[in-house]
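Chain letters run A, B, ... following the sequence lines, proteins first, then strands; residues in each count from 1. Quick caveat: nothing in here was measured; it's all calculated off a predicted structure.
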Protein chains: 2
Amino acid sequence: MDAADTTRGRIRAVAVELFTEQGYDKTSLREIADRVGITKASLYYHYPSKQALLLAIIEPFLDDWTALVDAAERLPRTPANIRFVLERGIDAMLRHRDATSMMLRDVAAVVTALAPRLEDAKELSERMRTWLAGPDPAPADVIRAMAAVEVLGATLAAAAVPEMPEDEVRRVVLDAAVGVLRLSEVAEPAPQPARDPEVAATC
Amino acid sequence: MDAADTTRGRIRAVAVELFTEQGYDKTSLREIADRVGITKASLYYHYPSKQALLLAIIEPFLDDWTALVDAAERLPRTPANIRFVLERGIDAMLRHRDATSMMLRDVAAVVTALAPRLEDAKELSERMRTWLAGPDPAPADVIRAMAAVEVLGATLAAAAVPEMPEDEVRRVVLDAAVGVLRLSEVAEPAPQPARDPEVAATC
DNA sequence: GTCTATACCAGGATAGAC
DNA sequence: GTCTATCCTGGTATAGAC
């Protein structure tokens with residue numbers, strides 16, 4: 001992420017704004033350039049393509065999410081740890097809410113822009129779902145894992161409502177996701193601290 | 001919806017396929033025309049614009065969903081009726097799964113194409129959420145209603161997995177949505193048959 | 001009523017001057 | 001680091017053949 005006072009940073013900020021307002025494809029590079037106060041061709045000096053610009057917006061979130069999934073897979077799948085991972089996921093969405101709410105709106109554009117890292121991204125969500133579903137899952141477990149991930153998306157819908165207190169959103173969405181997973185039925189193996197310091201540091 | 005053997009119907013079918021595969025904006029009219037075996041300009045005879053083509057794909061689902069929300073608002077908000085409405089929502093998604101899975105993928109394009117009916121559509125999801133949240137809702141109730149609607153989206157993700165039995169999907173998704181709403185806490189007023197014949201007919 | 005040929009314009013991308 | 005000029009693709013539009 002670039003500082004807001006560099007040209008690169010200003011382009012990124014304007015792009016997020018316009019992409020979110022109008023969608024990726026309805027936003028022309030000319031429009032972005034005009035608002036920044038440069039020409040279309042100048043954009044190309046800073047970003048090699050429109051897709052690259054979109055990717056630059058998304059990538060910080062993708063990196064955080066990667067760290068989260070990596071961390072999850074190193075944790076034993078206890079109820080406390082599942083809660084912990086879901087909570088970190090919600091936090092990541094809120095932290096990058098400019099990028100994530102745009103992603104939700106423009107899935108197709110994001111998928112295209114992600115091309116170089118698309119397999120990574122798919123694998124990432126697959127790994128998260130697998131971890132949530134648990135070992136040797138029944139079809140119902142898989143569906144519940146999918147539903148839990150969908151619930152996380154409500155974070156953004158809720159955070160978009162102005163008068164909604166943010167910690168209320170975090171609490172209720174977390175509870176909902178946990179409920180969908182039927183966490184009470186997950187076996188609790190050896191006691192293990194959920195707030196593993198190593199994990200807390202990585203994401 | 002047109003029969004699959006009319007040119008109009010064949011255009012629609014090819015469009016759904018390509019839009020779903022590649023996204024709306026990455027699919028050119030030339031590509032569609034080629035696969036149907038006509039020219040780009042011929043498309044123009046059958047559909048006045050690319051947007052109109054997209055709209056023709058979405059509209060049947062939108063109509064069903066409108067009927068569902070209309071019906072819901074005429075029902076007392078009992079646990080049984082909430083289950084009933086959610087179930088009908090899942091059915092509608094599965095029935096129009098070609099359109100709905102494309103909508104999920106291409107929210108931005110759909111929003112643009114919907115322009116003439118966008119306010120309707122927004123109002124529709126708002127009304128559904130309001131009905132689910134119940135009268136005089138706390139912030140937490142609103143968030144849970146949002147999360148429940150998100151859960152319905154898992155229907156499509158799950159239905160996309162080939163070996164997933166469809167009635168398992170319906171059952172588990174419904175349970176998850178109901179759980180998110182904490183339906184057990186909804187007061188049960190006068191007993192009322194959930195399978196109201198009038199409602200069953202409208203959607 | 002169905003289709004083709006053809007033109008027009010907006011927008012993404014590139015080359016090369018300053 | 002920014003500009004002007006130019007190219008190409010794709011959505012849109014119309015005139016007219018069958």
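In this structure, D25(A) atom CG and dA10(C) atom P are separated by 18 Å, rounded to whole Å. The interatomic distance linking E31(B) (CD) with dT9(D) (P) rounds to 14 Å, in whole Å. Atom pair R30(A):CZ and dG11(C):P shows a separation of 6 Å (rounding to whole Å applied). Per the geometry, NZ belonging to K50(B) stands 14 Å off P belonging to dA13(D), to the nearest Å. Atom-to-atom, CZ of F19(B) to P of dG10(D) comes out at 14 Å; the value is rounded to the nearest Å. Rounded to whole Å, the distance from CZ on R8(A) to P on dG1(D) is 11 Å. In this structure, Y47(B) places its OH atom 18 Å from P of dA13(D), rounding to the nearest Å. Rounded to whole Å, the distance from NZ on K26(B) to C1' on dG12(C) is 12 Å.
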Write out a two-atom table: protein N or O, nucleotide N or O from nucleotides 2-6 of chain C, distance below 3.5 Å.
{"unit_1": "dT2(C)", "atom_1": "OP2", "unit_2": "Y45(B)", "atom_2": "OH", "d": "2.8"}
{"unit_1": "dC3(C)", "atom_1": "OP2", "unit_2": "H46(B)", "atom_2": "NE2", "d": "2.7"}
{"unit_1": "dT4(C)", "atom_1": "OP2", "unit_2": "T39(B)", "atom_2": "N", "d": "3.0"}
{"unit_1": "dT4(C)", "atom_1": "OP2", "unit_2": "T39(B)", "atom_2": "OG1", "d": "2.6"}
{"unit_1": "dT4(C)", "atom_1": "OP2", "unit_2": "S42(B)", "atom_2": "OG", "d": "3.2"}

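W131(A) is listed as a side-chain neighbour of I82(A), based on a closest heavy-atom distance under 4.5 Å. Put simply, the side chain of M164(B) reaches to within 4.5 Å of the side chain of V142(A), judged on heavy atoms. Using a 4.5 Å heavy-atom threshold, the side chains of I38(A) and I11(A) count as touching.
A donor-acceptor contact shorter than 3.5 Å links the side chain of Y24(B) to the backbone of Q51(B). One N or O on the side chain of N81(B) and one on the backbone of P76(B) form a donor-acceptor pair closer than 3.5 Å.
Contact annotation: Y44(B) side-chain N/O to dT12(D) OP1/OP2 distance is not under 4.0 Å.
Across all strands, T6(B) comes closer than 4.0 Å to no nucleic acid atom at all (heavy-atom distances).
Between E31(B) and Q22(B) the shortest heavy-atom distance is OE2-NE2, 3.0 Å.
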